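Keep in mind that this is a model prediction, so the values were computed, not measured. Just so it is clear, the values below take in all heavy atoms, side chains as well, and ignore hydrogens, waters and symmetry mates.
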Amino acid sequence: MFRFFSRQPCLHSDSGTFSKRARIGMLFVFILTQLTSLTSFAQAPVENQATRPRIGLVLSGGGARGIAHVGVLKVLEELQVPIDAIAGTSMGALVGGLYASGLSANQIEALVNSLDWQAAFRDRPSRTTLGFRRKQDDRNFLVRYSLGVGKEGVELPTGLIQGQNQTQILRGATLPVADITNFDQLPIPFRAIATDLESGKEVVMDSGDLVTAMRASMSAPGVFTPVELNGRLLVDGGLVNNLPTDIARQMHVDVLIVIDVSFPLYARDELTSPLSVTNQSTAIMVRNRTLEKRAGLDADDIIIDPQLGTMSSADFSRAPRALAAGEAAAHAMQEQLRELSLSTADYQRYLAARTPDLKQTPRIDFIRTDAGSSRYAAAVQSVVGDLQGQPLDRARINQGLSDLYSLDLFEAIDYKLVNDDDQTGVEFHLKPKSWGPDYVRVGINLEDDFAGNSRYNLAGRLIMTDINKLGAEWLTDVQIGDRPRFATEFFQPLSWQQRYFIAPRLEYGVHNLPLLSDDKPVAEYRVRNAAASLDVGRELSNWGELRFGLQRGTGTSYVLVGDPSLPTEHYGTGGLVARFAYDTLDNVFFPRRGQQFSLQWNRGRTSLGADQDSTRVSAEWQLAKTFGRYTMILSTDVGSVLSDKAATHDYFTLGGFLNLSGMTSNSISGPHYGIARFIYYRQIGRGGTGVLELPAYAGISIEAGNVWSKRSDASFASLRHDGSLFFAADSPLGPLYLAAGLDDRRRTAFYLFLGRSF
């Protein structure tokens with residue numbers, strides 16, 4: 001203050017100096033000013049909080065590299081640096097949105113460390129949570145991925161990832177601010193940057209649904225499905241503004257803290273493929289815009305560059321390293337950052353102001369779907385309708401979302417809290433798959449035993465879903481090759497609440513059946529059969545199904561190899577069928593945990609078209625347990641024709657890999673059979689992002705079993721003992737095996753095949 005007066009020019013007059021009155025007035029002003037200064041000093045904490053520079057945080061995009069932002073935030077909190085506004089792009093928008101919602105850096109770090117990143121960026125539900133019918137799609141060596149089919153042919157999703165899991169993770173993390181639609185009213189004002197896919201223009205999101213804004217900002221084209229918002233298709237904001245310093249300045253800040261995790265350009269010796277060249281071209285465009293933004297920073301602004309090397313934007317397995325790099329980079333700038341620090345008292349007041357109010361859990365007065373999802377209102381009511389009139393239970397809502405998503409009909413399912421006439425409700429949005437509702441799954445089965453015998457099957461499954469409001473579907477299988485087959489079934493649920501159903505079915509198939517005498521092959525029959533059936537049943541949650549039905553069919557078996565004088569058999573089938581199935585395996589090919597069990601009973605009746613009364617029962621059981629990288633599987637299959645005389649077409653077969661591995665496929669048959677297996681394998685390849693980086697396994701099997709002409713012949717002493725050594729890989733087309741089998745008679749068999757399940 002003294003310096004202020006010393007800078008004033010001396011005022012002189014011809015008569016000399018100020019008059020006495022002027023001197024008294026000047027002295028009064030001086031004293032008043034000093035008193036004001038002292039008062040201001042006494043209130044320094046409040047004044048410091050009010051007049052300190054407003055600080056804006058700018059978080060760039062960078063995929064997995066953006067986890068470094070969390071490390072920087074931790075250091076900012078350690079140094080007690082307040083943040084008054086945040087602008088973020090892509091992963092920067094995700095981290096920034098979480099921080100703006102009121103989460104602390106430590107809370108975001110805990111979320112990052114707790115996530116299964118592969119699951120977070122994988123849309124199809126895990127097999128354990130899929131609906132029972134969708135679990136069965138994985139069997140019969142069908143490829144596990146569905147392609148849409150429409151009037152214009154094959155249809156593909158607009159992104160590999162629809163973001164369902166990611167959305168629900170973010171939804172849970174930001175629940176305290178779920179009802180805030182103006183981003184200036186968040187604990188920290190926030191902006192997320194996206195790109196309008198149609199026009200190519202920048203979109204700055206400052207209002208609406210926070211989770212949707214974060215999702216839109218990081219929807220990398222081709223990887224994530226574009227987000228529809230206000231009539232626009234939005235994708236990753238990094239295409240137009242990867243370092244939104246200009247947007248942050250518009251939020252009335254004085255100083256910027258800028259964190260840049262952009263991917264560095266490849267060196268010349270790394271540009272060795274068309275993909276790397278394409279990526280470099282895109283990176284150059286993004287990088288040039290980023291450099292322009294950096295060049296425009298003021299002298300007081302602080303820029304932080306975490307040293308992440310060539311860490312990939314998709315390498316979330318290195319999240320701890322990225323977080324540590326962020327901390328190290330911020331510590332390197334701590335001298336500049338300390339200039340923005342607050343006193344402990346001021347910082348505590350700042351934290352109190354930015355902590356969201358923990359409102360009382362609202363009571364849910366109604367549950368509804370939005371206008372575009374009314375078709376599925378009954379489905380929503382069936383899974384979460386009981387929440388009406390209860391306090392909001394996010395865990396139950398998430399379980400309901402999971403139940404609906406496990407039907408594999410929807411691209412995305414989301415919800416939001418809404419208020420109508422002073423009542424609080426939950427509104428659901430269900431988006432059907434854009435490449436549906438009809439899908440095709442294709443598969444291949446190739447097998448060679450290195451002894452001149454090879455087999456193949458090509459299969460396709462057409463799934464027509466969502467045929468009516470109760471979720472009916474029409475499934476059709478076509479297979480050509482060693483075992484031609486055609487089957488079609490119309491599956492009609494009777495309600496959403498109680499999953500009773502009716503299912504008419506037609507089926508035609510052809511297969512070979514060996515005929516043995518004294519353990520020596522006598523002939524090989526070709527068996528053709530056709531059947532029609534009508535089943536009624538009930539789905540048992542997502543783990544099982546119970547069916548009862550009527551069946552009527554005809555068939556023919558004739559000699560394919562052997563004595564041509566052997567008779568050709570024409571037969572009729574008909575009777576009652578009952579089947580119970582249970583399935584909780586996490587993978588049908590290489591399970592790590594879970595069980596599978598099925599029990600089927602067939603009662604042939606002459607009154608329903610069968611040539612003779614007969615009873616046939618069969619059961620299968622499998623248990624998987626995993627210990628680290630080692631997996632143990634126990635399984636057994638048994639079956640018996642209980643009639644005094646069994647028809648050839650009712651026989652069971654054994655032989656082949658994991659079905660007495662030392663014997664060729666289907667080399668023995670009989671009316672009674674049983675086999676038990678112990679399978680043990682180790683995962684020797686974890687899989688990765690490379691084309692050839694598939695999960696790989698090495699293992700052994702020990703098997704004991706046989707077929708018998710009479711039930712009385714079955715005994716432990718009559719069991720055949722076989723085993724195998726195998727290497728396998730879980731390829732996109734199904735399991736790939738190279739195996740060698742050996743039996744107790746020193747016979748060996750070798751296998752190379754693709755697309756076969758256990």
Side-chain angles (χ1 to χ4, degrees), residues 44-59 66 69-89 91-112 170-192 204-211 213-214 217 244 247-259 302 304 323 326-327 330 334 337-360 417:
V46 176
E47 186 67 9
N48 184 43
Q49 176 74 1
T51 62
R52 66 173 177 81
R54 282 178 51 82
I55 302 170
L57 183 65
V58 180
L59 306 178
H69 294 317
V70 184
V72 175
L73 289 175
K74 290 182 64 178
V75 176
L76 294 181
E77 290 187 348
E78 291 172 10
L79 299 176
Q80 300 184 164
V81 175
I83 301 299
D84 301 290
I86 301 175
T89 296
M91 193 66 178
L94 189 148
V95 174
L98 292 175
Y99 200 63
S101 73
L103 293 182
S104 68
N106 286 334
Q107 288 173 316
I108 300 175
E109 179 186 19
L111 178 63
V112 167
L170 296 177
R171 188 70 67 195
T174 60
L175 187 63
V177 296
D179 58 345
I180 295 178
T181 58
N182 183 341
F183 295 171
D184 284 335
Q185 295 176 1
L186 291 169
I188 301 176
F190 173 66
R191 301 290 185 269
V204 180
M205 292 171 285
D206 59 2
S207 62
D209 178 67
L210 177 61
V211 170
M214 291 189 286
S217 183
I247 305 304
R249 289 207 189 281
Q250 295 171 15
M251 301 173 75
H252 309 294
V253 298
D254 303 302
V255 178
L256 295 181
I257 298 176
V258 180
I259 309 172
I302 299 173
I304 299 174
L323 198 144
E327 289 190 62
Q334 62 182 333
L337 293 172
R338 285 189 190 279
E339 296 179 6
L340 303 175
S341 298
L342 293 180
S343 68
T344 300
D346 284 343
Y347 192 68
Q348 291 303 315
R349 278 190 284 271
Y350 160 79
L351 291 179
R354 62 154 287 203
T355 301
D357 294 332
L358 296 178
K359 301 175 182 178
Q360 184 177 1
L417 297 179

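The closest side-chain heavy-atom distance from V58 to P244 is below 4.5 Å. With contacts defined as side-chain heavy-atom distances shorter than 4.5 Å, the pair L323/K74 qualifies. Between L59 and Y99, every side-chain heavy-atom pair lies at or beyond the 4.5 Å cut-off. Contact of the Q334 side chain with the V75 side chain is not registered, since no non-hydrogen atoms from C-beta on lie closer than 4.5 Å. Side-chain atoms of D346 and R349, non-hydrogen and from C-beta on, do get closer than 4.5 Å to each other. Considering only heavy atoms from C-beta on, L98 stays 4.5 Å or farther from V95 through its side chain. Side-chain contact between S341 and R338: present, with at least one pair of heavy atoms (C-beta onward) separated by less than 4.5 Å. With a 4.5 Å cut-off on side-chain heavy atoms, L57 and I259 count as touching.
Checked by atom type and distance alone, the side chain of T174 never pairs as donor or acceptor with a backbone atom of V177 at under 3.5 Å. Counting only distance, with no hydrogens or angles, the side chain of E77 and the backbone of A105 share a donor-acceptor pair below 3.5 Å.
To the nearest 0.5 Å, atom CD1 of residue I302 and atom CD of residue E339 are 7.0 Å apart. Atom CE in M91 sits 11.0 Å away from atom CE in M214 (nearest 0.5 Å). In this structure, the separation between CD on Q185 and CD1 on I180 is 6.5 Å, given to the nearest 0.5 Å. Within the model, atoms CG of L73 and CD of E327 stand 10.5 Å from one another, a figure rounded to the nearest 0.5 Å. To the nearest 0.5 Å, atom CD of residue Q80 and atom CG of residue L340 are 13.0 Å apart. Between the CD1 atom in I257 and the CD1 atom in I55 there is a gap of 5.5 Å [rounded to 0.5 Å].
Nearest heavy atoms, S101 versus P187: O-CG, 3.5 Å. Here the closest heavy-atom approach between residue L342 and residue Y350 is recorded as CD1-CB, 4.3 Å. Residues R54 and A85 share a closest heavy-atom pair of NH2-CB, 4.4 Å. Residues A248 and L256 share a closest heavy-atom pair of CB-CD2, 3.7 Å. The minimum heavy-atom distance linking F190 with G96 is given by the pair CE1-C, 3.7 Å. When all heavy atoms of L337 and A330 are compared, the closest pair comes out as CD1-O, 3.6 Å.
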Practice problem: Evaluate the side-chain contact (heavy atoms from CB on, under 4.5 Å) criterion for residues D179 and L417: first the C-alpha distance (whole Å), next the side-chain angles of each, then the deciding distance (0.1 Å), finally the verdict. | Solution: CA-CA 7 Å; D179 58 345; L417 297 179; 5.6 Å; no
Quiz prompt | Trace of the salt bridge (Lys or Arg N to Asp or Glu O under 4.0 Å) decision for R191 with D184 | solution = CA-CA 9 Å; R191 301 290 185 269; D184 284 335; 2.9 Å; yes
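Contacts of R171 classified as side-chain hydrogen bond (donor to acceptor under 3.5 Å, both in side chains), with partners at least two apart in sequence or in another chain: D209, D414.
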